[in-house]
Amino acid sequence: GRAPPARTRLRLGQVTRWQVRILPPGGQQWIDTWAPAPVLPAAVAVTLWTGERTLGPPLVVRMSDASSVPAGSEYLTD
């Protein structure tokens with residue numbers, strides 16, 4: 001089943017925006033949108049920004065089997 005979307009509020013003082021990118025299962029390229037699907041993305045990357053610069057590297061969450069995430073992926077490191 002699907003639960004209703006959860007609303008969350010975070011107070012991050014320096015953050016002026018955030019960017020979420022999704023790596024589809026078996027995907028080779030990160031995308032900016034994700035339609036509801038019966039499968040999880042392989043990974044999600046969240047980048048926090050202050051003005052025109054990032055506040056460090058993106059937070060990457062692997063959502064499914066690591067073997068589905070390409071080794072040379074833009075955001076993933078070992």
So, taking the atom named CD in Gln29 and the one named CD1 in Ile22, what distance separates them when rounded to the nearest 0.5 Å?
13.0 Å
Within this structure, what is the CG-CG distance for the pair Leu48 and Leu12, rounded to the nearest 0.5 Å?
6.5 Å
Side-chain heavy atoms of Leu40 within contact of Pro25, under 4.5 Å:
no
Check for a donor-acceptor pair, side chain of Thr54 on one end and backbone N or O of Trp49 on the other, with a separation under 3.5 Å.
no
Find the distance between CH2 (Trp30) and CG (Leu23) and round it off to the nearest 0.5 Å.
5.0 Å
What do the steps show when you test Val46 against Trp18 for side chain to side chain contact (heavy atoms under 4.5 Å, CB included), and what is the final call?
CA-CA 7 Å; Val46 179; Trp18 60 336; 3.6 Å; yes
Expected output: side-chain Thr16 to main-chain Gly51 donor-acceptor under 3.5 Å:
yes
Applying side-chain hydrogen bond (donor to acceptor under 3.5 Å, both in side chains) as the test, list every pair that has at least one member in residues 4-15; sequence neighbours left out.
none
I'd like to know if Val20 and Val39 are part of one continuous hydrophobic network [Ile/Leu/Val/Met/Phe/Trp/Tyr, side-chain heavy atoms within less than 4.5 Å].
no
Residue pairs involving residues 23-36 (criterion salt bridge (charged side-chain N to carboxylate O under 4.0 Å, His left out); sequence neighbours excluded):
Arg21-Asp32
Tightest non-hydrogen contact, residues Pro41 and Met63, listed as O-CB, 2.9 Å
Find out whether Val15 and Thr50 are in side-chain contact, i.e. whether some heavy atom of one side chain is under 4.5 Å from a heavy atom of the other.
no
